[in-house]
Amino acid sequence: MDILLKQLKNKKQINIAEFMELVVPYYYQNNIAIGADGDFITAPEISQLFGEMIAIWIANHCITKSIYEINLIEMGPGRGTLMYDILHTLHSLSATKDIVKGVYLLESSKKLRKIQAEKLQDFKNINWIDDLAEVSNQNHPNIVIANEFFDCLPIRQFVKTKHGLHEIFIDFESDTPCFALKKTKQKLSLTLEEGEVYEICEDYKLYSDAITSLLKGSNSAGLIIDYGYVDRPIKGTLQALKKHKHHDILSDIGSCDLTALVNFSKLEELFKASAVNTKLHLQGGFLKAYGISERAHLLGSKVGRDFQVDVKRLTDEDQMGNLFKVLEIFA
Ligand code: SAH
């Protein structure tokens, strides 16, 4: 039997967070996750315009604050495409040509670290880290970027039934894994209606604290981009994706991407509680404010391809424009 399934069966019954903790790293290590040949596609893989707009945001921040040296930190860099496009763009602008002094990539998958190293081979001072606390050289402001990182973090799910509050578990004792409910005394910050599911992610605090420490130096800033919500949905948001289609969560365990929508209200609340300033945008509005349409037009006439399809995919309300949010954080 596959090592992962054996490990899960030994656990007998685990909650969704423990399930994600075991499955997500295994998945990234053993599958071609991202890209047309993989299970899902991300904004930087759709178009270079995405990374270019993030670079313009960084350049704008640095010019406004008169910053001449930065560390760039990326959480979950995937295939390295976003960092490549950011570095390429910053190098091409006279104001930011030599601004990046160190790049730090927080990546748990050895397989992806190798792909990132190949993609970024032309750039200097690229470092891989297992923990944000490893970012050295605190003489420069830190710029932290995370695209589709927070959706991978383990969540717990609670549901209210007519018999009270329960946590959702997965039972591996029977032949095929199935969901199971366990009565719980867990205190939630709100009262659920019968049938409502509520999700919490205990790792948000861990990562928001670690990011906050990196932002302490003056003029540091960050962007957290992901699919997520501000108003709590009443259903669970855990989903599995395989070959760009929704898949049953408990079939083909370890070979499907497993994510949950990000609770941006909670993330904002955590940062605000640590005195970090925040601004939340819809991805569509954010990219348009930084000039994605104009850039698509210019690039299109230069290389003879229509980039407006990319713009539509990244910014249209019914595509990625509204579901994806951008949380700006400032020290
Ligand atoms: N940002 C990329 C990839 C998103 S996929 C893009 O936009 O294309 C999620 C990424 O986060 C992968 O690189 C995955 O290996 C990494 N990852 C997931 N959980 C992680 C964790 N706990 N620690 C470090 N990296 C993690």
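Numbering of ligands and ligand atoms starts at 1, following listing order.
Looking only at heavy atoms of the protein, atom 13 (O) of ligand 1 is closest to E107 OE1, 2.6 Å. Considering only non-hydrogen protein atoms, atom 19 (N) of ligand 1 sits nearest to C152 CB, 4.0 Å. Closest protein heavy atom to atom 5 (S) of ligand 1: Y28 OH, 3.3 Å. Protein heavy atom nearest atom 6 (C) of ligand 1, with residue, atom name and distance: T42 OG1, 3.4 Å. Among all non-hydrogen protein atoms, the one lying nearest atom 2 (C) of ligand 1 is G76 O, 3.3 Å.
Listed by chain and residue number, R156 satisfy the salt bridge (Lys or Arg N to Asp or Glu O under 4.0 Å) test with E167 (two or more places apart in sequence, or in another chain).
Judged by distance alone, the side chain of N263 and the main-chain N or O of S265 form a donor-acceptor pair under 3.5 Å.
With ligand atoms numbered from 1 in the order given, ligand 1 contributes 3 (C), 5 (S) to contacts under 4.0 Å with heavy atoms of I34. In summary, the atoms of ligand 1 found under 4.0 Å from a heavy atom of P44, numbered by their order in the structure, are 6 (C), 7 (O), 8 (O). Those atoms of ligand 1 with a heavy atom of L112 less than 4.0 angstrom away are 12 (C), 13 (O), 15 (O). Near E148, the atoms of ligand 1 lying under 4.0 angstrom from a non-hydrogen atom of the residue are 4 (C), 5 (S), 9 (C).
Some N or O of G78 is nearer than 3.5 Å to an N or O of ligand 1, by distance alone. An N or O contact shorter than 3.5 Å links N147 to ligand 1 by distance.
If you check each of S108, G51, A33 against atom 20 (C) of ligand 1, the one with the closest non-hydrogen atom is S108.
Salt-bridge annotation for D130 and R113: present, with a side-chain N of the basic residue lying under 4.0 Å from a carboxylate O of the acidic one. Checked for salt-bridge contact, E269 and K266 meet the test: a charged N lies under 4.0 Å from a carboxylate O. Between E52 and R295 there is a salt bridge, with a side-chain nitrogen of the basic residue lying less than 4.0 Å from a carboxylate oxygen of the acidic one.
Distances shorter than 4.0 angstrom occur between a heavy atom of Y207 and an atom of ligand 1. Residue-ligand proximity: L82 is placed with every non-hydrogen atom at 4.0 Å or more from ligand 1.
Cation-pi contact between R305 and F307: present, with separation from the ring centre below 6.0 Å and deviation from the ring axis of at most 45°.
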(message) Run K325 and L282 through side chain to side chain contact (heavy atoms under 4.5 Å, CB included) and show every step you take.
(response) CA-CA 5 Å; K325 316 281 187 286; L282 300 177; 3.7 Å; yes
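Chaining together hydrophobic side chains whose heavy atoms lie under 4.5 Å apart places L188 alongside F158, L165, L190, L192, Y198, I200.
Donor-acceptor pairing under 3.5 Å is recorded for the side chains of T259 and Y227.
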